[in-house]
Amino acid sequence: LHKKCLGSFGADGSGGAPGSFAQYRPVEKSTVSILSPWYLLPVLDLTTCENFRPDLAQIAERLDLSEAQVADALAKLQAGGFLEWVDGTYRKVNLHIRFPASESRQEVRTFHREMLRKASNCLGKTSQADYNRRLITGLTVAANPENIELAKRRLNEALHEIGEILNQGPCTEVYQLNLQMFPLTR
């Protein structure tokens with residue numbers, strides 16, 4: 001793995017691949033404010049990219065934010081101990097962080113809602129280049145409720161494994177990988 005660009009693992013993080021998942025430091029419940037506003041995590045992970053420059057305008061352009069939002073994010077991430085200024089650039093303090101959740105929490109739900117909105121907005125971008133940069137897919141299936149917990153555990157493991165694949169080599173982009181599994185029947 002390209003150690004510099006390892007990112008933040010989900011806003012759930014329960015489960016995961018044996019061994020490698022243990023290297024991710026859980027973010028305590030009192031620190032979950034890193035999920036709000038939504039752009040704190042993308043700014044944090046952008047600092048690990050090979051082509052990162054500590055320039056407000058460049059960060060704002062890369063993440064489609066205002067310079068004020070970027071300045072706010074950098075200040076909050078530094079104050080929270082997630083980011084530090086070293087040798088003329090920002091450095092992510094812990095390359096491996098995760099957000100374990102054993103119960104539904106407002107901060108996590110709000111973050112996921114915003115990521116779902118951003119994913120929905122991607123569907124409006126119809127060029128072939130935009131299509132090639134994303135994957136939005138789904139599966140509707142009849143399910144045995146007794147298998148839901150096993151499926152959730154396996155999906156969490158798969159998300160982590162995919163994150164490790166995406167982290168290999170020099171990282172230059174920040175992606176959001178979401179997964180939803182929910183009942184359509186009552």
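None of the values given here were measured: they were computed from a predicted structure.
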Does the side chain of Thr110 come under 3.5 Å of the side chain of Gln106 through a donor N or O and an acceptor N or O?
yes
Do the side chains of Thr89 and Phe52 get nearer than 4.5 Å, heavy atoms only?
yes
Heavy-atom donor-acceptor pair, Arg53 side chain to Gln58 backbone, under 3.5 Å:
no
Following the transitive rule for hydrophobic clusters with a side-chain heavy-atom cut-off under 4.5 Å over Ile, Leu, Val, Met, Phe, Trp and Tyr, establish whether Leu177 and Tyr175 coincide in one cluster.
no
Determine whether more than 12 heavy atoms belonging to other residues, nucleotides or ligands lie under 6.0 Å from atom CD of Glu146.
no
Hey, are the side chains of Val43 and Leu65 touching, using non-hydrogen atoms and a 4.5 Å cut-off?
yes
Measuring only between side-chain heavy atoms, which start at C-beta, is Gln69 closer than 4.5 Å to Tyr39?
yes
Pairwise side-chain contact, Leu77 with Ile34, heavy-atom cut-off 4.5 Å (strictly under):
yes
Side chains of Lys152 and Leu155: closer than 4.5 Å at any heavy-atom pair?
no
Side-chain heavy-atom pair Glu173, Arg133 within 4.5 angstrom cut-off
yes
More than 12 heavy atoms of other residues, nucleotides or ligands under 6.0 Å from CD of Glu61: is that the case?
no
Would a hydrophobic clustering, with Ile, Leu, Val, Met, Phe, Trp and Tyr connected at side-chain separations under 4.5 Å, put Leu40 with Leu63?
yes
Is it true that atom CZ of Arg134 has more than 12 heavy atoms of other residues, nucleotides or ligands lying nearer than 6.0 Å?
yes
Please find the pair of heavy atoms, one from Cys122 and one from Ile136, that lie closest to each other, and give the distance.
CB-CD1, 4.3 Å
Heavy-atom pair with the smallest gap, counting every atom of Thr172 and Arg62
O-NH2, 2.6 Å
Polar contact flag, side-chain donor to acceptor under 3.5 angstrom, Ser127-Asp130:
yes
By the definition side-chain contact (heavy atoms from CB on, under 4.5 Å), identify the one residue from Arg113, Lys118, Arg117 that meets it with Met115.
Lys118
Carefully, step by step, assess Ser36 and Glu107 under the rule side-chain contact (heavy atoms from CB on, under 4.5 Å).
CA-CA 7 Å; Ser36 179; Glu107 300 90 352; 5.7 Å; no
Checking Arg154 side chain against Glu149 main chain: does a donor-acceptor pair fall under 3.5 Å?
no
Where do Tyr90 and Leu74 land on the side-chain contact (heavy atoms from CB on, under 4.5 Å) test, with the steps shown first?
CA-CA 9 Å; Tyr90 292 100; Leu74 293 171; 3.7 Å; yes
For Asn178 and Gln176, which I'm curious about, is there any donor-acceptor pair between the side chains at under 3.5 Å?
yes
Would Asp72 and Lys76 count as a salt bridge (charged side-chain N to carboxylate O under 4.0 Å, His left out) here? Give the steps.
CA-CA 6 Å; Asp72 175 62; Lys76 286 179 177 175; 3.4 Å; yes
Reported CG-to-OH distance for the pair Leu123 and Tyr131, which is rounded to 0.5 angstrom:
11.0 Å
Evaluate the criterion side-chain contact (heavy atoms from CB on, under 4.5 Å) for residue pair Met181 and Ile148; output intermediate values, then yes/no.
CA-CA 9 Å; Met181 182 177 72; Ile148 298 301; 4.0 Å; yes
Can a donor-acceptor pair be found, under 3.5 Å and without considering hydrogens, that links the side chain of Thr48 to the backbone of Asp45?
yes
Got a sec: does the CG of Asp64 have more than 12 other heavy atoms crowding it under 6.0 Å?
no
Phe111 vs Leu41 side-chain heavy atoms within contact, under 4.5 Å:
yes
Any donor-acceptor pair under 3.5 Å linking the side chain of Gln78 with the backbone of Ala75?
no
Could you walk me through whether Leu44 and Leu83 pass the side-chain contact (heavy atoms from CB on, under 4.5 Å) check?
CA-CA 7 Å; Leu44 181 62; Leu83 197 61; 3.9 Å; yes
Report yes or no: do Leu56 and Trp85 belong to one cluster of Ile/Leu/Val/Met/Phe/Trp/Tyr joined by side chain heavy-atom distances under 4.5 Å?
yes
Hey, any chance Leu95 and Val93 share a hydrophobic cluster, counting ILVMFWY side chains that come within less than 4.5 Å of each other, even indirectly?
no
Locate the shortest heavy-atom distance separating Gly88 from Pro54; write the atom from each residue and the value.
O-CG, 3.5 Å
Do the side chains of Arg109 and Ser104 get nearer than 4.5 Å, heavy atoms only?
yes
